[in-house]
Amino acid sequence: MASPAPIRPAPADLQAWRDALEAMKPTVPPCPGLSAQRWQEMREAAIDFLDRFGEDAIALGWTVTDLFGVHPTVGVVRVDYCGGLMINARRVEAIGDTWIRYGNQTFRRDRPGRPVGVPVWQAAR
């Protein structure tokens, strides 16, 4: 049996994602595995991504967990659960239909068997 197709985000999701990030305290890490400084840098980079690439991400079908996913209990400690914006604090330089590039690193959302996390704002702290 084929797995169900992922739910495609709507343009309204972009504002919801930004609102969720803005509501999070920049100095309080939301999940295990993040220091306050790293979270602050990661949050700023994610907001920058939404400003510069958010509409493209929506058009390309990136989901909330593709971008902001973390493991529900151990956060970014389980990097295999992390979305493209939760694996490092670097600013994104380019985006494609299945990849995000930051400098010489690329995140790919099309890895077979990649587990799906929860949005960072829903992670247990």
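- I47 CD1 to L85 CG: the interatomic distance, rounded to the nearest 0.5 Å, is 11.0 Å.
- Shown are V70, T65, L67, V76; of these, the side chain to side chain contact (heavy atoms under 4.5 Å, CB included) with V120 is made only by V70.
- Listed here is the closest heavy atom pair of G75 and C82: O-SG, 4.5 Å.
- Residue A94 comes nearest to V92 through the heavy atom pair O-CG1, 3.4 Å, listed as atom of the first residue, atom of the second, then distance.
- Of all heavy-atom pairs between R38 and N88, the closest is NH2-CA, 3.3 Å.
- When every heavy atom of R90 is checked against every heavy atom of A45, the shortest pair comes out as O-CB, 3.7 Å.
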Run the salt bridge (charged side-chain N to carboxylate O under 4.0 Å, His left out) test on R43 and E22 for me, step by step, so that the C-alpha distance in whole Å, both residues' side-chain angles and the decisive distance to 0.1 Å come before the verdict.
CA-CA 9 Å; R43 181 179 171 274; E22 292 282 349; 3.8 Å; yes

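- At least one side-chain heavy atom of L21 sits less than 4.5 Å from a side-chain heavy atom of F68.
- Using a 3.5 Å distance cut-off with no hydrogens or angles, the side chains of R109 and T98 do not pair a donor with an acceptor.
- Not one N or O on the side chain of W62 forms a donor-acceptor pair closer than 3.5 Å with the backbone of I95.
- More than 12 heavy atoms of other shown residues, nucleotides or ligands fall within 6.0 angstrom of atom CD in E93.
- Cluster membership for V79 and V77, using ILVMFWY side-chain heavy atoms within less than 4.5 angstrom, is not shared.
- No continuous path of hydrophobic side-chain contacts links W39 to V74 [ILVMFWY only; heavy atoms under 4.5 Å].
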Show your reasoning for whether side chain to side chain contact (heavy atoms under 4.5 Å, CB included) applies to W17 and F49.
CA-CA 11 Å; W17 297 344; F49 172 87; over 6 Å; no

Going through the checks in order, is the side chain to side chain contact (heavy atoms under 4.5 Å, CB included) test met by L60 and F53?
CA-CA 10 Å; L60 292 167; F53 299 105; over 6 Å; no

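- Ring-plane geometry between H71 and Y81 is classed as perpendicular, the angle between the planes exceeding 60 degrees on a 0 to 90 degree scale with a lower cut at 30.
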Using the side chain to side chain contact (heavy atoms under 4.5 Å, CB included) rule, take E55 and L14 through it: C-alpha gap first, then chi angles, then the decisive distance, then the call.
CA-CA 7 Å; E55 290 180 13; L14 181 59; 3.9 Å; yes

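- Partner D66 forms a salt bridge (charged side-chain N to carboxylate O under 4.0 Å, His left out) with one of R114, R111, R108 and no other, that one being R114.
- Remark: aromatic rings of F107 and W99 are distant, center separation not under 6.0 Å.
- What you find for M42 and A89 is that their closest heavy atoms are N-CB, 3.7 Å.
- The CD atom of Q40 sits 13.0 Å away from atom CE of M24, with the distance rounded to the nearest 0.5 Å.
- A pairwise comparison of heavy atoms in C31 and A123 identifies CB-CB, 3.8 Å as the closest pair.
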